Amino acid sequence: MSVEIDKSKCVGCGGCKSICPGGLIRMDDNGKAYIKYPRDCWGCASCIKECPARAISLYLGADIGGKGSRMRAEISGDIINWIITKPGGETEEIKINRKESNKY
Amino acid sequence: MNIKKITADILIIGGGTAGCYAAITLSKISGARTLICEKADIRRSGCLAAGVNALNAYITEGHTPEFYADYAMKDAHGIARYDLLLSMSKRLNSVTAELEKLGLVILKDENGKYVTRGARNIKINGENIKPILADAVNALPNTDVLNRVNITDLAVRGNKIIGAYGIGVEDEAFYVIEAKAVIMAAGGAAGLYRPNNPGFSRHKMWYPPFNTGAGYAMGIRAGAEMTTFEMRFIALRCKDTIAPTGTLAQGVGAEQVNSLGEAYDDKYGHSTSDRVYGTVVENTEGRGPCFLRTEGITPEQEDDLKKAYLNMAPSQTLKWIEEGGPREKNVEIEGTEPYITGGHTASGYWVDINRKTTIDGLYAAGDAAGGAPQKYVTGALAEGEIAAEAAAEYIKSIKAAKIDETDISAHIAEAARFLDKSDKPSFTAEQLEEEMQKVMDEYAGGISANYRYDKARLDAADEKIRRIFELSELLRASDFYELMQIYELRERLTVALSVIAHLGARHETRWHCFAENVDYPGRDDKNFNKFVNSRLVNGKIEIILRDIPKGGASE
């Protein structure tokens, strides 16, 4: 369980670094974010929701059955659009409206 | 070392659910200068960083606060404080209304009434519950928030709180905070035991891995009376992702089934500990692995489940997308490693009805406060409110006190020693943490021991944890993040020793798995219908057995 930060997309705002509950994200010498302690990630996805550049994705470690998919989020207003990209490039999207309650 | 000295009327340690609500309450009822110190950022800290799927403590129509308090007493098999539970239950609905006013989305029916999930739960969209609370706190007058300031110890003179010490991980500063009253709202303890996924995904756990039990450790060191550390919490979760199972069980009515397809819910009872125990027994008797029967749910149900999990445990939705959803495949379940948390079980500070601890001026709320299990989100809010009201009243007659320079120097010297780069340590805090988790797992009833323990093993655990504590003196940090890791390890070791002492003191098995004492496999109401409390006196943990106060279902 951890996150991956795409340095080519990172705009260096530091939002992920300041929001991470574990303080696990740092900025490198070029001002780009990276996760310094990937094994200590809880998988809460706070950084993904905070990133304005949509540069961060969540993945499952192989030790918990991960198969290489990456999950990122595009947020506009109350809509969170979760986009899952499978290793073959195939994608799946799930939209959540923050103003709608869970059914369960 | 950069030293920052701050004064406040009321210091709140931990800006999670209880801490944020305490600050909101203080701002309403008093002009107190309030300071929240939070080890992360209050926008996404504590148990609710990822969100929460439902409010599990609510008085639904046709029920009373007494109904909720009775339920919690029964689930704890009688070891809980009815007075605390009732005072909390009476506020569950008013704090919920306040949360809705702040912006929480709660599902309503066509008549504008909340839609319930069972007798005590209501449905919400809790993805952004923490940002909602944080925005409210950040807008308060007279309230300062220090994010990334990790409180490490309390300052107590006589039996009275006068402040606290901490470290700023980003500004690399040592903090000395003087306050007339302190509300302890730090979280419970994760990471005492070897986790379900001990490798790369070691932090894929039920409870926030950043909650180290610091609040308990500070209280133990300060000589506060603590309660019920032996009532560990073990969650029944989805395998690998350690995502919640209640949403499946209550949401789509999924039964627990063994590998033969037999439902076993009714065989073992329905309390939280019984559900975990049933799964352990089915596994050990050769009928595992165990599952929640979700095969055959409708495509709409599956879609709604994927969304519900995205709002609280996104990894489960990702797993379903990678492996096939719950409609095609039953969801495998497992018990987690044990945690200590006053929000689910009864562990924590021994408090009075105002949530005052046994130290004057020190109040506890949420996971930190003992005696009132099944708090969940709304119970933590209610306790934050109660503690804030009491603290506001208390400071009216209190003059600010100065912390002694000698005490300050001793605390700074300790931090400086860990930061001394002249001697090279032989090992890291991470290695000692792994050793601690292994010891707790094997000797103090972790997953690999099927949560069982006996006196000989507990004695061995005690000796080994004390040795690790001694070794932790030799650790060295190259920066303040590593310094925090050393303090975190020592907090966990302090709590672990109390857990071991409490497990050994309850000579019965009242709760399967939570406290499965092999030497005493039965329940003993004659001798142990009591609280097991403890205090650290001259470095020794003294056990105190206390009667259950009268009231409620145990009568």
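Numbered from 1 within each chain, the chains take letters A, B, ... in sequence-line order. Since this is a predicted model, take the numbers as computed values, not measurements.
For a residue to count as touching a neighbouring chain, one of its non-hydrogen atoms must lie under 4.5 Å from one of that chain's; by this rule A49(B) touches chain A with backbone and side chain alike. There is no contact between L248(B) and chain A, counting heavy-atom distances below 4.5 Å. Using a 4.5 Å cut-off between heavy atoms, R44(B) touches chain A through backbone and side chain atoms alike. Contacts of P131(B) with chain A are absent, with no heavy-atom separation under 4.5 Å from either backbone or side chain. Of the atoms belonging to K319(B), heavy atoms from both backbone and side chain fall under 4.5 Å from chain A. There is no contact between Q250(B) and chain A, counting heavy-atom distances below 4.5 Å.
For the pair Y207(B) (side chain) and G188(B) (backbone), a donor-acceptor distance under 3.5 Å is present. No donor-acceptor distance shorter than 3.5 angstrom exists from the side chain of S201(B) to the backbone of K204(B), with no hydrogens or angles considered.
Only one option out of L146(B), N147(B), N150(B), V145(B) pairs with C37(B) in a side-chain contact (heavy atoms from CB on, under 4.5 Å); it is L146(B). A side-chain contact (heavy atoms from CB on, under 4.5 Å) with I42(B) is found for one member of L133(B), D135(B), N138(B) and no other, namely N138(B).
Of residues 306-314 of chain B, those residues with a non-hydrogen atom less than 4.5 Å from any non-hydrogen atom of chain A are, in numerical order, K306(B), K307(B), A308(B), L310(B), N311(B), P314(B). Of residues 14-24 of chain A, those residues with a non-hydrogen atom less than 4.5 Å from any non-hydrogen atom of chain B are, in numerical order, K17(A), S18(A), I19(A), C20(A), P21(A), G22(A), G23(A), L24(A).
A distance of 3.0 Å separates NZ of K130(B) from OG of S45(B), quoted to the nearest 0.5 Å. I132(B) contributes atom CD1, which lies 7.5 Å from atom CG of L102(B) (distance to the nearest 0.5 angstrom).
When each of K95(A), E50(A), R98(A) is checked for heavy-atom pairs under 4.5 Å with chain B, R98(A) comes out on top. Among V115(B), D41(B), D304(B), the residue with the largest count of heavy-atom pairs under 4.5 Å with chain A is D304(B). The candidate from E38(B), E323(B), M484(B) with the greatest count of non-hydrogen atom pairs under 4.5 Å with chain A is E323(B). Listed options V252(B), N196(B), N125(B), D303(B) were ranked by heavy-atom pairs under 4.5 angstrom with chain A; first place goes to N125(B).
A heavy-atom distance below 4.5 Å is not found between the side chains of Q437(B) and R492(B). Side-chain atoms of E172(B) and I167(B), non-hydrogen and from C-beta on, never get closer than 4.5 Å to each other.
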Side-chain donor/acceptor pairs under 3.5 Å, residues 78-94 of chain A, sequence neighbours excluded:
| residue | atom | partner | partner atom | Å |
| --- | --- | --- | --- | --- |
| N81(A) | ND2 | E93(A) | OE1 | 2.9 |

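At least one test fails for R26(A) against the ring of Y37(A): distance under 6.0 Å to the centre or angle within 45° of the axis.
S57(A) meets the side chain to side chain contact (heavy atoms under 4.5 Å, CB included) test with E4(A), R70(A), R72(A); sequence neighbours excluded.
By the 30° and 60° cut-offs, the orientation of the rings of F210(B) relative to H203(B) is perpendicular.
Looking at every heavy atom in both residues, C47(B) comes nearest to N211(B) through SG-ND2, 4.1 Å.
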Mind running side-chain hydrogen bond (donor to acceptor under 3.5 Å, both in side chains) on E100(B) and Y114(B) for me, showing each step along the way?
-> CA-CA 11 Å; E100(B) 190 178 24; Y114(B) 294 157; 2.5 Å; yes
